[in-house]
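Residue numbers start from 1 in every chain, and the chains themselves are labelled A, B, ... in the order their sequence lines are given, proteins ahead of strands. Treat the numbers as computed from the prediction; the structure is a model and nothing was measured.
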Number of protein chains: 2
Amino acid sequence: MTLEEFKGILRKYNFRVTGQRILVFETLKENENSHLKIEKIYQKAYKKDNNIGIATIYRTLDLFLSLGIVQKTSIEGTYYYELMSNKMDHYHHHLICKNCKKIIEVDSDLLKSVEEKVKEKYDFIVENHELIFYGLCKKCRERNE
Amino acid sequence: MTLEEFKGILRKYNFRVTGQRILVFETLKENENSHLKIEKIYQKAYKKDNNIGIATIYRTLDLFLSLGIVQKTSIEGTYYYELMSNKMDHYHHHLICKNCKKIIEVDSDLLKSVEEKVKEKYDFIVENHELIFYGLCKKCRERNE
DNA sequence: GTCGCTGCAAACGATTTGCAATGTT
DNA sequence: AACATTGCAAATCGTTTGCAGCGAC
């Protein structure tokens with residue numbers, strides 16, 4: 001999503017294009033492959049404009065969520081935010097390294113066959129899922145040898 | 001896990017068998033197939049003994065967690081507790097119905113082949129995982145027809 | 001009798017809210 | 001000019017902590 005597309009979404013729904021909203025958008029954009037907690041987003045935004053308040057970060061992220069601009073993921077009790085990309089609509093998995101805590105994004109559809117089994121066995125139709133694998137990434141395995 | 005086995009675990013590690021610990025254990029035991037938030041556990045325990053304080057619930061659940069008596073799962077920003085059963089050690093999935101919010105436990109190992117793919121593609125070794133499917137259970141589909 | 005455990009209330013951290021000032025339209 | 005948005009500080013919520021008294025051993 002480009003900055004202009006982003007502004008377009010705000011205008012389309014009659015929300016104002018403010019400096020703070022652009023700031024938060026750009027912060028997320030610059031960290032497109034990370035997963036940031038609210039506090040981290042606030043710190044990064046604050047560095048660029050030390051006038052922004054944390055309440056604005058909360059309100060802005062809530063707005064972005066309701067407009068489908070960001071996606072939020074709950075991992076071990078805290079929420080992480082990332083810009084929505086179209087690939088992640090249904091297929092959204094994370095690998096979390098126990099050691100370095102890095103969060104790796106997985107974008108392929110690993111679960112099609114699993115969802116079919118769930119339908120058969122539990123008569124439950126899956127619309128979305130959240131899958132987190134905990135383990136060790138390559139680097140951390142090598143470091144521990 | 002029986003009450004006597006539970007007391008055995010406490011004694012084994014030199015923790016005292018108190019009325020409150022038994023109360024929390026029994027509350028979890030009576031709701032073996034549900035997933036309860038802290039607040040709910042407190043309410044249920046409070047009904048049986050309106051002298052118990054919520055701080056005790058927090059401390060007791062922390063203790064149970066460290067002793068492997070309960071398992072806690074983070075779902076959409078809050079933690080849910082349930083008595084540990086041996087089947088759930090590695091294979092622990094949940095189906096959450098969007099409509100009735102019921103949480104259905106899945107105990108079969110659906111992900112063996114997926115974990116192999118993760119190893120190949122991301123060079124990441126999975127030690128544990130948390131999988132949540134969001135969708136519609138049978139009852140809610142019928143109700144909405 | 002010792003000391004681990006508990007209830008209470010105060011403290012804490014994360015999030016939300018009310019409101020006057022500001023910025024976008 | 002109208003009013004949506006913001007920063008600030010106070011309020012609120014869930015969780016943790018310190019401590020005196022109680023209860024298990």
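As a whole-Å value, the separation of A:Tyr58 OH from D:dC13 P is 16 Å. Atom-to-atom, OH of B:Tyr42 to C1' of D:dC13 comes out at 15 Å; the value is rounded to the nearest Å. Note: CD1 (B:Ile52) to P (D:dG23) measures 14 Å, nearest angstrom. Summarising the geometry, the separation between OH on A:Tyr13 and P on D:dT5 is reported as 15 Å, rounded to the nearest angstrom. Atom CZ in B:Arg11 sits about 12 Å away from atom P in D:dA24, given to the nearest Å. In this structure, the CG atom of B:Leu63 is 16 Å from the C1' atom of D:dT16, given to the nearest Å. The distance from atom CD1 of A:Ile57 to atom P of D:dT5 is 16 Å, rounded to the nearest whole Å.
Residue-level contact check: B:Asn51 touches the backbone only, with heavy atoms under 4.0 Å from sugar-phosphate atoms and none from bases. B:Ile54 comes within 4.0 angstrom of nothing in the nucleic acid, heavy atoms only.
Heavy-atom nearest nucleotides on DNA chain D were determined for A:Gly53 and for B:Glu39, and the one closer to the 5' end corresponds to A:Gly53. With DNA chain D read from its 5' end, the first of the two nearest nucleotides for B:Arg59 and B:Tyr79 is the one closest to B:Tyr79.
With values rounded to the nearest 0.5 angstrom, A:Lys12 atom NZ is found 9.5 Å from A:Leu67 atom CG. To the nearest 0.5 angstrom, B:Arg21 atom CZ is 11.5 Å from B:Leu61 atom CG.
Checked by atom type and distance alone, the side chain of B:Tyr42 never pairs as donor or acceptor with a backbone atom of B:Thr56 at under 3.5 Å. Within the 3.5 Å criterion, the main-chain N or O of A:Thr27 finds a donor-acceptor partner in the side chain of A:Asn31.
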Stepwise side chain to side chain contact (heavy atoms under 4.5 Å, CB included) test for B:Lys7 and B:Ile22: CA-CA 8 Å; B:Lys7 290 182 185 173; B:Ile22 292 172; 3.8 Å; yes

Might you work through the side chain to side chain contact (heavy atoms under 4.5 Å, CB included) test for B:Glu39 and B:Ile54, ending with a clear yes or no? CA-CA 8 Å; B:Glu39 185 61 27; B:Ile54 193 150; 3.6 Å; yes

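A salt bridge does not link A:Lys29 with A:Glu26: every distance from a Lys NZ or Arg NE/NH1/NH2 to an Asp or Glu carboxylate oxygen is 4.0 Å or more.
Shown for residues 15-31 of chain A: residues whose heavy atoms fall under 4.0 angstrom of DNA chain D, namely A:Phe15, A:Arg16, A:Thr18, A:Gln20, A:Arg21.
The aromatic rings of A:Phe25 and A:Phe6 lie parallel to each other, their planes meeting at an angle below 30°, with 60° marking the opposite boundary.
Checking each of A:Lys40, A:Lys72, A:Gln71, A:Glu82 against A:His35 for a side-chain hydrogen bond (donor to acceptor under 3.5 Å, both in side chains) leaves exactly one that passes, namely A:Glu82.
Where DNA chain C meets chain B (any atom under 4.0 Å from a heavy atom), the bounding nucleotides read 5' to 3' are C:dC3 to C:dC8.
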